[in-house]
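Reminder, nothing fancy here: chain letters follow the sequence lines and each chain counts from 1.
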Amino acid sequence: MTDSLYERIYEVVKAIPVGHVATYGQVARMAGIPKGARQVGYAMAALGRGAPRPEIPWHRVVNAKGESSIGAEQIKRLEAEGVPFDERGRTDLRVYGWTDYEEEMLFS
DNA sequence: AAGGTGACGCCCG
DNA sequence: ACGGGCGCCACCT
């Protein structure tokens, strides 16, 4: 719980709806860190290191290709809540990708 | 204090 | 579609 930067990232991740996923870059942008995709990944990695944070659905964060960056554990969790992965380990972001109110505005 | 390290992403062959 | 290379930037030692 070091500072507000990670907290902002965690807030965004907590907002990802069940059955949907968001990319690292997307989370970064939504947290106000345009070039911070890596920081998001680092923040996720930090979850396993220090204090436990079971309220944060880290498994709903995938890379820009729609793949899991961590492996089977994540895929298992996502499929359990209705997000399918193909044999190549990818999920369809066009279908399961998360779009919040703010972002939907950009499409209009 | 300086340099190494990523749960990333984009641009090019 | 896919791999390689480079840029990014907060964290850790």
### Message
Judged by each residue's nearest nucleotide on DNA chain C, which is more toward the 5′ side, A/Arg90 or A/Ile33?
### Response
A/Arg90
### Task
Report the residues that fulfil side chain to side chain contact (heavy atoms under 4.5 Å, CB included) with A/Pro84, sequence neighbours left out, ordered by chain and then residue number.
A/Tyr96
### Query
Going 5' to 3' along nucleotides 8-13 of chain B, which nucleotides have protein heavy atoms under 4.0 Å from the base (write B), which only from the sugar-phosphate (write S), and which from neither (write -)?
BS----
### Message
Quick one about A/Glu73 and A/His59 (side-chain donor to acceptor, distance below 3.5 Å, no hydrogens or angles considered), yes or no?
### Response
no
### Task
Figure out the CD1/P separation between A/Ile16 and B/dA7, and round it to whole Å.
18 Å
### Query
A/Arg49: what forms a salt bridge (charged side-chain N to carboxylate O under 4.0 Å, His left out) with it, not counting sequence neighbours?
none
### Which nucleotide in C/dA10, C/dC12, C/dC2 has an atom nearest any side-chain atom of A/Arg49
C/dC12
## Note on the structure
A/Met44 atom CE is separated from B/dT5 atom P, nearest whole Å, by 23 Å
### Task
Could you pick out which residue, A/Arg88 or A/Gly36, lies toward the 5' side of DNA chain C when each is mapped onto its nearest nucleotide?
A/Arg88
### Query
OH of A/Tyr42 versus P of C/dA10: gap in Å, rounded?
12 Å
### Those residues that, when tested against A/Thr23, pass side chain to side chain contact (heavy atoms under 4.5 Å, CB included) (two or more places apart)
A/Gln26, A/Leu93
## Note on the structure
Rounded to whole Å, NZ of A/Lys35 lies from C1' of C/dC9 at a distance of 11 Å
#### Entry: Any residue meeting side chain to side chain contact (heavy atoms under 4.5 Å, CB included) with A/Lys35, in chain and number order, not counting sequence neighbours
none
### Query
A/Glu79: what forms a salt bridge (charged side-chain N to carboxylate O under 4.0 Å, His left out) with it, not counting sequence neighbours?
none
